[in-house]
*Asks:* 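Let me begin by handing over the structure; questions about it come next.
Below, each value reflects all heavy atoms present in this structure, side chains not excepted, and no hydrogens, waters or symmetry copies. Please read these numbers as outputs of a predicted model, since none were measured by experiment. Chain letters run A, B, ... following the sequence lines, proteins first and then strands; every chain starts at 1.
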Protein chains: 2
Amino acid sequence: MGRKSLKEARKKEIIKVFYGLAKKNGLENTSIAKIAAKMEINPSLIIHYFQTREDLVYGLVDYILDKYKLIYKVSAAHSKDSRKALLEIIGNIFSKKWNALFDDGLFYGCYAMAFHDAKVRDLYKKLLDSLREMLIGHIEQCREDGVLDIEDVETVADNIFVLIDGAYFYLSLVSDKNEYEHRLAKYRQQALSILHLKELSEVAG
Amino acid sequence: MGRKSLKEARKKEIIKVFYGLAKKNGLENTSIAKIAAKMEINPSLIIHYFQTREDLVYGLVDYILDKYKLIYKVSAAHSKDSRKALLEIIGNIFSKKWNALFDDGLFYGCYAMAFHDAKVRDLYKKLLDSLREMLIGHIEQCREDGVLDIEDVETVADNIFVLIDGAYFYLSLVSDKNEYEHRLAKYRQQALSILHLKELSEVAG
DNA sequence: TTATAAATTGAATGAATGTTCAATTAATTT
DNA sequence: AAATTAATTGAACATTCATTCAATTTATAA
């Protein structure tokens, strides 16, 4: 009996507001009090759900990494065709839509925490490793299906993986829209070149 | 007349202590008071030299980016031989010594600030662009000297540039020494492959 | 030695921080 | 209706924060 718990839903609400404010003003300028003010609730309610600010930040990191994971999602339509699946992933990764859906500033802000917080470090490490494994899996599948001419799958996957991180890193500073798209296209090309593939025109959406 | 100014030297001292503390505890956990305590001086002295905390942070960013620039330095010995100069740069970049000399955590922490601070953004953008230009210059020189078989210099430079950023990004999370060195070697190999060069055994130090 | 200018201290400020605890309000079950 | 459980508030806490200002110490040149 008693009232039914809103715990999980409420925690997510709080983290979303946290995310929004931190995106605008930076992680270091976003306090519990400010989140509470924005939500028009009492600061102690936030502490009620997350016992400490530290836990709240861990929640944000989870939230951010979950979003990041989406970049590697494959649509059901291509899940049977390994070649199309891989091309979709490459196409997705090097598409400008992430610019709107995902905030790089927070991604790097939280990443910086990994250097003095073991828990954050583990979260990032595990995520990145799982994404790389996923990429290896897709490429391996393509090779088995005979649609990809590659010797060392791991090395190829690794080079693409690093290309992604580096591309995202630099692109975050490019504000000119045309330059942004131009570079994005170049990086995609480079990814395909690493895979020994030509430019993709067949796979759209 | 009057006392001679220690301003610049003192500012640098303060920033070095700032750097040291922020490296250990994170940027967000390093206050003016803590820096002052570590130096056994009065907090107001720090404000005397840097008018606001904001300015102090800008000073730190400058300091960090200056260090980062060193990665691209070419020793005098190789400055006449474009091929050796390029190989030295590649060798330098993908060497583990930066792990000790340079703190990636702060680099990313400050980088995150670029997303909501125009000044920091400009500092990073200008530095990265100048480094890329530098790389283009070296590669272009090699091509002119006929020691490099490359069509599109800018694209090649860009791909290496992005490889560097991506490599640094992921390597920051690799704590196992053997894996670290193994990956580093792989990334260097990939850089040379982009340049259409074989593994370098001739250039040491 | 005296004037000068910079270095440095020390005390004080108000605002914001994260966190606590007890009290109250609002659902849901018996 | 009564009991129960969770949501939420509100007041208070000690700490820390960046910053201020006036006072003092210290070095240098005239």
Side-chain angles (χ1 to χ4, degrees), chain A residues 1-22 24-61 63 106 109-110 112-113 116-117 119-120, chain B residues 1-22 24-63 109-110 112-113 116-117 119-120:
Chain A
M1 59 155 70
R3 198 170 168 173
K4 84 172 171 185
S5 176
L6 306 174
K7 195 169 183 179
E8 292 314 312
R10 213 74 172 103
K11 286 179 87 171
K12 192 141 208 171
E13 275 186 72
I14 293 168
I15 285 181
K16 278 186 180 178
V17 174
F18 187 11
Y19 177 85
L21 287 176
K24 190 186 293 182
N25 308 316
L27 207 50
E28 70 279 15
N29 300 316
T30 308
S31 64
I32 291 176
K34 284 174 183 167
I35 300 169
K38 178 84 172 182
M39 297 180 76
E40 294 181 311
I41 60 172
N42 203 286
S44 57
L45 187 56
I46 295 178
I47 291 288
H48 170 71
Y49 287 118
F50 305 89
Q51 283 66 39
T52 64
R53 184 189 147 90
E54 216 185 1
D55 289 338
L56 179 61
V57 171
Y58 291 147
L60 182 68
V61 173
Y63 181 73
L106 279 177
C110 290
M113 289 174 33
H116 50 90
D117 185 314
K119 192 163 178 179
V120 174
Chain B
M1 60 156 67
R3 197 168 169 175
K4 84 170 172 187
S5 176
L6 308 173
K7 195 170 183 178
E8 292 314 312
R10 213 73 171 105
K11 286 178 86 170
K12 190 142 208 170
E13 275 185 73
I14 293 168
I15 285 180
K16 278 187 179 177
V17 174
F18 187 11
Y19 177 86
L21 287 177
K24 190 186 295 182
N25 308 317
L27 207 49
E28 70 278 14
N29 300 316
T30 308
S31 65
I32 291 177
K34 284 174 183 167
I35 300 169
K38 178 83 172 182
M39 297 179 75
E40 294 181 312
I41 61 172
N42 202 286
S44 57
L45 188 56
I46 295 179
I47 291 286
H48 169 71
Y49 287 117
F50 305 89
Q51 284 66 38
T52 64
R53 186 191 146 89
E54 216 185 1
D55 289 338
L56 179 63
V57 171
Y58 291 147
L60 181 68
V61 173
D62 277 333
Y63 181 73
C110 290
M113 288 176 32
H116 51 90
D117 185 315
K119 192 164 177 177
V120 174

*Asks:* Could you tell me the separation between the CG atom of Leu56(A) and the C1' atom of dT17(C), rounded to a whole number of Å?
*Replies:* 14 Å
*Asks:* What distance separates Leu60(B) CG from Thr30(B) OG1, expressed to the nearest 0.5 Å?
*Replies:* 9.0 Å
*Asks:* Return the 5'-most residue of the pair Gly2(B), Lys4(A) with respect to DNA chain D, ranking by each residue's nearest nucleotide.
*Replies:* Lys4(A)
*Asks:* Can you tell me the distance, in whole Å, between the CE atom of Met39(B) and the C1' atom of dT8(C)?
*Replies:* 12 Å
*Asks:* At what distance, to the nearest 0.5 angstrom, does CZ of Arg10(A) lie from OG of Ser5(A)?
*Replies:* 11.5 Å
*Asks:* Under 4.0 Å, counting only non-hydrogen atoms across every strand here, what does Ser44(B) touch: a base, just sugar-phosphate, or nothing?
*Replies:* base
*Asks:* Would you indicate what Ile47(B) reaches in the nucleic acid, counting non-hydrogen atoms under 4.0 angstrom: base, sugar-phosphate, or nothing?
*Replies:* base
*Asks:* Closest heavy-atom contact between Pro43(B) and Ala33(B)?
*Replies:* CG-CA, 4.5 Å
*Asks:* For Leu45(A), report the nucleic acid contact type (base, sugar-phosphate, nothing); a contact means any heavy atom under 4.0 Å.
*Replies:* base
*Asks:* Where each residue is assigned the nucleotide of DNA chain C containing its nearest heavy atom, which of Gln51(A) and Ala33(A) is assigned the position nearer the 5′ end?
*Replies:* Ala33(A)
*Asks:* With axes from five pairs an end, tell me the bend angle of the helix from dT1(C)-dA30(D) to dT17(C)-dA14(D), nearest 10°.
*Replies:* 20°
*Asks:* Determine whether a donor-acceptor pair (N or O, by modelled atom type, separation under 3.5 Å) exists between the side chain of Asn29(A) and the backbone of Asn25(A).
*Replies:* yes
*Asks:* Using the closest heavy atom to pick a nucleotide of DNA chain D for each, name whichever of Ile32(B) or Arg3(B) lands nearer the 5' end.
*Replies:* Ile32(B)
*Asks:* Between Tyr49(B) and dT8(C), is there a side-chain N or O to OP1/OP2 distance below 4.0 Å?
*Replies:* yes
*Asks:* If you measure from CD1 on Ile35(B) to CG on Leu45(B), what distance do you get to the nearest 0.5 Å?
*Replies:* 12.0 Å
*Asks:* Expressed in angstrom and rounded to an integer, what is the separation of Ile46(A) atom CD1 from dT17(C) atom C1'?
*Replies:* 13 Å
*Asks:* Quick one: Asp55(A) CG to dT19(C) C1', roughly how many Å, whole number?
*Replies:* 13 Å
*Asks:* Working to the nearest 0.5 angstrom, can you tell me the gap between Lys34(B) NZ and Ile46(B) CD1?
*Replies:* 13.0 Å
*Asks:* Over how many whole Å does the gap from His48(A) atom NE2 to dA23(C) atom C1' extend?
*Replies:* 14 Å
*Asks:* As an exercise, state the distance from CG of Asp62(B) to CD1 of Ile15(B), rounded to the nearest 0.5 Å.
*Replies:* 7.5 Å
*Asks:* Using chain A heavy atoms and a threshold of under 4.0 Å, write down where along DNA chain D the contacts begin and end, 5' to 3'.
*Replies:* dA3(D) to dG10(D)
*Asks:* Measure from the side chain of Leu6(B), starting at C-beta and using heavy atoms only, and say which of dA27(C), dA7(C), dG10(C) lies closest.
*Replies:* dA7(C)
*Asks:* May I have the distance from Tyr58(A) (atom OH) to dG18(C) (atom P), rounded to whole angstrom?
*Replies:* 15 Å
*Asks:* For Ser5(B) and for Asn42(B), locate the closest nucleotide of DNA chain C by heavy-atom distance; then report the residue assigned to the nucleotide nearer the 5' terminus.
*Replies:* Ser5(B)
*Asks:* Between Lys16(B) and Glu13(B), is the salt bridge (charged side-chain N to carboxylate O under 4.0 Å, His left out) condition met? List the steps.
*Replies:* CA-CA 5 Å; Lys16(B) 278 187 179 177; Glu13(B) 275 185 73; over 6 Å; no
*Asks:* To the nearest Å, how far apart are Lys11(B) NZ and dA6(C) C1'?
*Replies:* 15 Å
*Asks:* Categorize Phe50(B) for me: base, sugar-phosphate, or nothing, with a 4.0 angstrom heavy-atom threshold over every strand shown.
*Replies:* nothing
*Asks:* What's the shortest heavy-atom distance between Leu27(B) and Cys110(B), and which atoms?
*Replies:* CD2-SG, 4.1 Å
*Asks:* Can you tell me how far the CD1 atom of Ile47(A) sits from the CG atom of Asp55(A), to the nearest 0.5 Å?
*Replies:* 9.0 Å
